[in-house]
A.B. asks: 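One structure coming up, written as structure tokens, with questions to follow.
One is the number of the first residue; the rest follow in order along the sequence. Both counts, for ligands and for their atoms, begin at 1 and track the order of listing.
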Amino acid sequence: MKHTIGIPSVLPPHRGVKGYADYYVKYGQTPVPSIPVSELFVGKPFPEGEHQDHPGDYNVFRTTDVEKRAMEMANSDLYESLREAAEVQRQVRHYTHQMMKPGAKLIDVCTKLEDMNRKLVGEDGKLRGIGFPTGCSLNHVAAHYTPNNGDDTIITENDVCKIDFGTQINGRIIDCAFTVAFQEKYDPLLEASREATNAGVRAAGIDSVLGEIGGVIQEVMESYEIELDGKVYPIKPIRNLMGHSIAPYNIHGGKSVPIVKTPDRTRMEEGEVFAIETFASTGRGYIEEDMECSHYMKDFDAPHVPLRLTRSKELLRHIDNTFGTLPFCRRWLERPDGGSATVNGQNGKQTRYLGALNNLVDCGIVTAHPPLVDIKGSYTSQYEHTFILKPTRKEILSRGDDF
Ligand code: CO
Ligand code: CO
């Protein structure tokens, strides 16, 4: 099938990103995307991310080393999976840029975004799909907010919204986030986390020390300040939020990347995948859990607990079949397909499940991830990229012309 190549022309209607919101028409994608990304690249490699050398003199040998290059050739199937997932994430996020206007209802944005994600990746249960629920946290809420059904929150001219979503293929997750605002006064807040994330990514590489990367991020972040309604605020990193390694079907793969300087001497290693995400705040730079929970995840090391309640057993079976250890949200349980049409057809809807879900949380099988908030009245921003430490260079998989 031949796809018509177009010339990108649509600019994003919000601040915080650059580039064309319909960049993908140059690959033959339709203006409102409708073609699975795999069909756009039949017989062709998927687009590569941005390549950067591993920092440090001790890594200079890598770019030309014969053995390292051979190892990289042997891994090309893995890189192709990651690049396809990244291209899906990128196309879905550019489509999302076009939707982010004052007056948009967040639950509609999330549903359209997620349906597009399913379509472009070719949803296939745990083999291909959404990486985790769509975060659209507003203002002092930094992370882990997505609307539950019945929540009719609308984004307004005055809001600062963090869109954080992912795509996965064979459990390889691309985790990437940006911030949306409409008023110029918020630009320093957005720029602080965008530049801090870029600085953190530049400082990352094989043998980089996690606590030192945190120091680099903190220094960039704290070089910004913001004036809001006549008052000047220092911009602070949110010190108890972190980036993370990503393992197959495990969004938090075991290592954390702090966004302030810490004594952690753990190093990054060859082959690892990381998401560096930084959060800037006009508040106290410290979050706690608050508000109604939407995000849940089966624990990767969940214990085998004998469940007494039939409803809990049934819900756990549904979670195992549909999501495995990937995060999910309440909205997905309440869809006719229960989160995956491939797995459940249109007979997957969970009803009156909240008691069972809470029971699974109490048993330590499922973890609840409630919204994470700074102080009321503050504003927070976030940018995040996923990269892989290949033997010769690192590849920033989720890089786009938008950020
Ligand atoms: Co992340
Ligand atoms: Co994220």
Side-chain angles (χ1 to χ4, degrees), residues 16-17 49 82 85-86 88-90 92-93 96-97 100 106 109-110 113-114 117 121 129-138 141-146 160-169 171-180 190 193-194 196-198 200-201 204 210 213-214 217 237-260 268 272-281 287 294-297 300 323 325-329 367 369-373 380-389 396-400 402-403:
V17 297
L82 285 164
V88 173
Q89 207 279 351
R90 218 166 10 243
V92 174
R93 115 188 161 218
T96 305
H97 293 329
M100 294 305 286
L106 288 176
V109 169
C110 290
L113 183 163
E114 290 162 0
N117 205 346
V121 76
I130 301 176
F132 50 86
T134 306
C136 55
S137 307
L138 291 176
V141 184
H144 292 173
Y145 165 75
T146 200
V160 177
C161 179
K162 283 70 63 183
I163 298 287
D164 189 346
F165 74 95
T167 305
Q168 68 87 12
I169 294 176
R172 301 288 176 167
I173 308 162
I174 299 294
D175 180 1
C176 182
F178 60 95
T179 300
V180 168
L190 274 49
S193 58
R194 192 172 59 233
T197 293
N198 279 330
V201 170
L210 297 176
I213 296 174
I217 290 168
I238 298 180
R239 62 185 183 276
N240 56 342
L241 282 175
M242 272 159 248
H244 47 95
S245 59
I246 303 176
Y249 293 104
N250 193 356
I251 185 70
H252 285 275
K255 290 185 183 176
S256 296
V257 187
I259 64 173
V260 293
M268 292 183 166
E272 287 180 325
V273 176
F274 279 91
I276 283 195
E277 56 189 302
T278 76
F279 292 83
S281 177
I287 47 90
S294 57
H295 287 49
Y296 295 84
M297 182 170 68
F300 199 79
F323 312 112
T325 53
L326 294 167
F328 59 94
C329 62
T367 307
H369 294 278
L372 303 171
V373 310
T380 61
S381 67
Q382 174 203 19
Y383 284 82
E384 177 172 25
H385 275 301
T386 295
F387 54 92
I388 180 165
L389 304 177
I396 303 139
L397 297 152
S398 54
R399 180 72 76 197
D402 51 346
F403 64 91

A.B. asks: Rounded to 10°, how big is the angle at the Co ion (ligand 1) from His244 NE2 to Asp175 OD2?
C.D. replies: 90°
A.B. asks: Mind listing the closest non-hydrogen atom pair of Met242 and Ser256 along with its distance?
C.D. replies: SD-CB, 3.7 Å
A.B. asks: Taking side chain to side chain donor-acceptor pair (under 3.5 Å) as the criterion, tell me which of His244, Gln168, Gln89 meets it with Asp175.
C.D. replies: His244
A.B. asks: Is His252 close enough to the Co ion (ligand 1) that one of its N, O or S atoms comes in under 2.8 Å?
C.D. replies: no
A.B. asks: Is it the case that the side chains of Ser381 and Thr179 hold a donor-acceptor pair, with the cut-off being a distance below 3.5 Å and no angle test?
C.D. replies: no
A.B. asks: Strictly distance-based, threshold 3.5 Å: is any side-chain N or O of Ser294 a donor or acceptor partner for the main-chain N or O of Cys329?
C.D. replies: no
A.B. asks: Do any of the N, O or S atoms of Glu277 sit under 2.8 Å from the Co ion (ligand 2)?
C.D. replies: no
A.B. asks: Are His385 and Phe403 packed together at the side-chain level, in the sense that at least one heavy-atom pair is separated by less than 4.5 angstrom?
C.D. replies: yes
A.B. asks: Distance check below 2.8 Å: does Asp164 bring an N, O or S atom to the Co ion (ligand 1)?
C.D. replies: no
A.B. asks: Can you name the N, O or S atom of Glu384 that is closest to the Co ion (ligand 2)?
C.D. replies: OE1
